[in-house]
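Everything on this sheet refers to the single structure shown next.
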Amino acid sequence: MVDLKQDVKYIKGVGPNRVILLNKLGIYTLEDLITYYPREHEDRSKSILIKEAQIGQEALIEAVVLSKIQIIPTRRKNMTIYKLLIQDTSSSAVVVWYNQAYLKDKFKIGQKYTFFGKISKKDTIIQIESPVFDIKGSKKNTGKIIPIYPLTYQLSQNTIRQIIENALEQIQR
C-alpha cells in the first residue's frame, strides 16, 4: 500500500530545487500532489484548418513543415525570433517563437506536426505565436484536454504535469 503522507521529494522528477518550488504551492506530500487540482482545462483536441483560424483565438493546427527554422536577430538586446513556415490543405502560416534557441534543429521538412498557440496576423500572413507542438501522432502537449495548474515562478506547466503523472504511476504500482 502506498503511503500518501510520503514526502514529495521521493517522487520521480523532484529534486531539492523542485521540492522548494512545490512547497511554495503548498505541496509537501504525495497526497498534496495528487489533490493539486488544475485551475482550468484547455481543449487541445480538435484541430482546425489554417484558413478557419480566427485572429486572437488559440487553435490547434495540423500542418507540414515547409522550411528550416529561420533565426532572426532583432535590435533588442537578448531577443531573437525563430520562424517556421508550415502548410495544411487550406493555406500556409508562419510559426513564431521568441528566445527559444533549443528549437533550432527540432523540425524536419516534410514532417507533420500539431501546433497549439494564439493566432495573429502580420501584414497578410497568418502567424501562430509561441505554440506548444507535437509530432503528429504524439499527444504529449496537443491532441487532448490539458490541465492548467496555478504555478509559481520557475515551475512550468509541463514540469508539474510530468511530476503529477509520475506520482499517479507510483500509486498504481
Side chain of [X], backbone of [Y]: donor and acceptor closer than 3.5 Å?
X    : Y    : value
K144 : K139 : yes
D123 : I125 : no
D32  : T29  : yes
Y36  : P150 : yes

Side-chain heavy-atom pair [X], [Y] within 4.5 angstrom cut-off:
X    : Y    : value
I27  : L21  : no
K83  : V96  : yes
V8   : L30  : no
M79  : N99  : yes
V95  : P131 : yes
I109 : L66  : no
P38  : I148 : no
Y82  : Q70  : no

>> Could you tell me if T114 and E62 have a donor-acceptor pair between their side chains, going purely by distance under 3.5 Å?
In response: no
> Do D134 and T142 have a side chain donor and acceptor closer than 3.5 Å?
Replying inline: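 Result is yes, a qualifying pair exists.
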Over all heavy atoms of both residues, which pair between [X] and [Y] is shortest? Give the atoms and the distance, please.
X   : Y   : answer
I61 : D88 : CG2-OD2, 4.4 Å
R18 : G13 : NH1-O, 2.8 Å
E52 : Q57 : O-OE1, 4.4 Å

Answer yes if [X] and [Y] sit in the same cluster of Ile, Leu, Val, Met, Phe, Trp and Tyr residues linked by side chain heavy atoms under 4.5 Å apart, and no otherwise.
X    : Y    : answer
F116 : I50  : no
L84  : V132 : no
Y98  : Y102 : no

> Is atom OH of Y10 surrounded by more than 12 heavy atoms (other residues, nucleotides or ligands) closer than 6.0 Å?
Replying inline: no
>> Does R76 have more than 12 heavy atoms from other residues, nucleotides or ligands lying within 6.0 Å of its CZ?
In response: no
>> So that I know where these two stand, are F107 and F133 an aromatic pair - ring centroids less than 6.0 Å apart?
In response: yes
>> So, using side-chain hydrogen bond (donor to acceptor under 3.5 Å, both in side chains) as the criterion, who are the partners of R44 when residues are at least two apart?
In response: E42
> Testing N166, T159, N158 for side-chain hydrogen bond (donor to acceptor under 3.5 Å, both in side chains) with Q162, which one passes?
Replying inline: N166
> Would Y149 and I164 satisfy side chain to side chain contact (heavy atoms under 4.5 Å, CB included), going step by step from the backbone distance to the final call?
Replying inline: CA-CA 11 Å; Y149 294 94; I164 291 172; 3.5 Å; yes
>> Pair Q6, E31 - check side chain to side chain donor-acceptor pair (under 3.5 Å), show working.
In response: CA-CA 8 Å; Q6 175 185 11; E31 181 178 26; over 6 Å; no
